[in-house]
Amino acid sequence: MNNIKIILAGPRGKMGQEALKMIDQTPHFELVAAIDSKNDGMQVKDLAGCPSSMNAPVYDDAENCIQSVEADVLIDLTRPDIGKKHLEMALNHGLRTVIGTTGFSSEDLERLTELAHEKKTGAIIAPNFAIGAILMMKFSQMAAKYLPDIEIIEKHHDQKLDAPSGTALKTAQLITEVRQEKTQGHPDEKEDLQGARGAELEGIRIHSVRLPGLVAHQEVLFGGEGQLLTIRHDSMNRTSFMPGVKLAAESVMKIEGLVYGLENIME
Ligand SMILES: NC(=O)C1=CN([C@@H]2O[C@H](COP(=O)(O)OP(=O)(O)OC[C@H]3O[C@@H](n4cnc5c(N)ncnc54)[C@H](OP(=O)(O)O)[C@@H]3O)[C@@H](O)[C@H]2O)C=CC1
Ligand SMILES: O=C(O)C1=N[C@H](C(=O)O)C[C@H](O)C1
């Protein structure tokens, strides 16, 4: 496989640190720069916790980095508002991009799909990189045909900025592809405390839990007469996401246009 030159945005973050290790351990990946709003001019190896072999410059200005460094792929693991900005910027420069940050609305996705098409550039937005989470979403889509009364409970660490999680939204979207819109619960139900029934997407209820100690977890509950099916996935740590990040960085080299969800590139 050809060498892939990578710019990583968010190298000091929890995901960024795992991604640096993964890049370091992948012979055909080469880190050529990092985007970090706080450490302009430094080398990645000098940032706390970063592999000592990484002689790549740090830029605080993403546009300057993209223009100055010869790269094949930008991987963004920052935060929802920044990920969006970086994807738009990279596409405008014709730079292939893998986005791990979540919080994309359907309007954002529509606009960025058009931009990727117009620029003839590959991009992947992966609401969840964990292979088990992709399977949980696919199995939920299968089950929804037969058990259409569904509630999603997603549980994350308390530093998470977006709610519901990108995974919960993607799960609900996949379900709506096979299920008619449906009102669940009693037709006369009312919330005595606002939010008690969670958020709602085409009748599917989504409940977001945020607690210290959690990493990333989701249960999809399917209720039927006298039965309950639960499909559950747990990420115990962030190394669970790295095979997916690696697959996305390899796959984005071969595609044109925007792909939303790793299930679309898994064989
Ligand atoms: N798709 C998936 O499978 C997964 C996605 N995620 C998503 O990935 C993102 C990162 O998660 P996580 O690592 O846990 O979060 P962290 O808060 O640990 O890391 C985010 C990092 O981004 C940096 N950052 C913020 N703004 C900028 C900027 N303008 N330029 C460069 N870097 C910036 C932060 O730096 P500073 O400290 O200076 O603010 C921080 O180091 C989140 O959006 C999360 O939802 C997480 C896990 C899995
Ligand atoms: O912020 C996180 O941590 C995670 N974000 C993604 C999401 O919003 O679904 C993926 C995973 O759940 C971890």
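Position 1 is the first residue of the sequence, and the numbers go up from there. As the structure lists them, so they are numbered: ligands from 1, and atoms in each ligand from 1. Atom set for the values below is all heavy atoms of this structure, side chains included, hydrogens, waters and symmetry mates excluded.
- The main-chain N or O of His207 is never found under 3.5 Å from a side-chain atom of Arg197 such that the two would form a donor-acceptor pair.
- A salt bridge links Arg12 with Asp36: at least one charged nitrogen is closer than 4.0 Å to a carboxylate oxygen.
- Only the side chain of Thr102 comes within 4.0 Å of ligand 2, counting heavy atoms alone; its backbone N, CA, C and O stay farther away.
- More than 12 heavy-atom neighbours from other residues, nucleotides or ligands sit within 6.0 angstrom of NE2 on His157.
- In this structure, of Leu47, Thr78, Thr102, the residue bringing a heavy atom nearest to atom 42 (C) of ligand 1 is Thr78.
- Scanning the protein heavy atoms around atom 9 (O) of ligand 2, the nearest turns out to be Thr167 OG1, 2.4 Å.
- The distance from ligand 2 to the heavy atoms of His156 drops below 4.0 Å at these ligand atoms: 2 (C), 3 (O), 4 (C), 11 (C), 12 (O), 13 (C).
- Considering backbone and side-chain atoms alike, Ala130 places every N or O at 3.5 Å or more from each N or O of ligand 1.
- Only the backbone of Pro127 comes within 4.0 Å of ligand 1, counting heavy atoms alone; no side-chain atom from C-beta on gets that close.
- Counting heavy atoms closer than 4.0 Å to ligand 1, residue Phe129 contributes atoms from both its backbone and its side chain.
- Between Ala126 and ligand 1, an N or O atom pair is found at a separation short of 3.5 Å.
- Taking 4.0 Å as the cut-off between side-chain N and carboxylate O, Lys170 and Glu263 count as a salt-bridged pair.
- Residue-level proximity to ligand 1 for Lys160 is carried by the side chain, the only part with a heavy atom below 4.0 angstrom.
- Taking every heavy atom of Asn128 and a limit of under 4.0 angstrom, the matching atoms of ligand 2 come to 10 (C), 11 (C), 12 (O).
- Among Ser37, Gly13, Cys65, Ala9, the residue whose heavy atom lies closest to atom 40 (C) of ligand 1 is Gly13.
- Not a single heavy atom of Glu154 sits under 4.0 Å from any atom of ligand 2.
- When Ala163, Ser165, Pro127, Ala130 are ranked by how near their heavy atoms come to atom 6 (C) of ligand 2, first place goes to Pro127.
- Of the charged side-chain nitrogens involved, none lies within less than 4.0 Å of a carboxylate oxygen, so that Asp72 and Arg96 do not count as a salt-bridged pair.
- Closest heavy-atom approach to atom 25 (C) of ligand 1 within the set Lys38, Arg79, Met15: this belongs to Arg79.
- Taking the charged nitrogens against the carboxylate oxygens, Arg232 and Glu219 do have a contact shorter than 4.0 Å, which makes a salt bridge.
- Annotation: Asn2, atom CG; neighbour count of heavy atoms from other residues, nucleotides and ligands within 6.0 Å does not exceed 12.
- Protein heavy atoms are found inside the 4.0 Å sphere centred on atom 2 (C) of ligand 1.
- How far OH of Tyr260 is from CD of Glu110: 12.5 Å, rounded to the nearest 0.5 Å.
- Between Ala216, Gly166, Gly244, Ser240, it is Gly166 that holds the heavy atom closest to atom 7 (C) of ligand 2.
- Here the shortest heavy-atom distance to atom 43 (O) of ligand 1, taken over Asp36, Leu262, Thr101, belongs to Thr101.
- Enclosure of atom CD in Glu189 by more than 12 non-hydrogen atoms of other residues, nucleotides or ligands within 6.0 angstrom is indicated.
- By the criterion of a heavy-atom distance under 4.0 Å, neither the backbone nor the side chain of Ala133 is placed next to ligand 2.
- Here's the thing with Ile82: none of its N/O atoms is less than 3.5 angstrom from an N/O atom of ligand 1.
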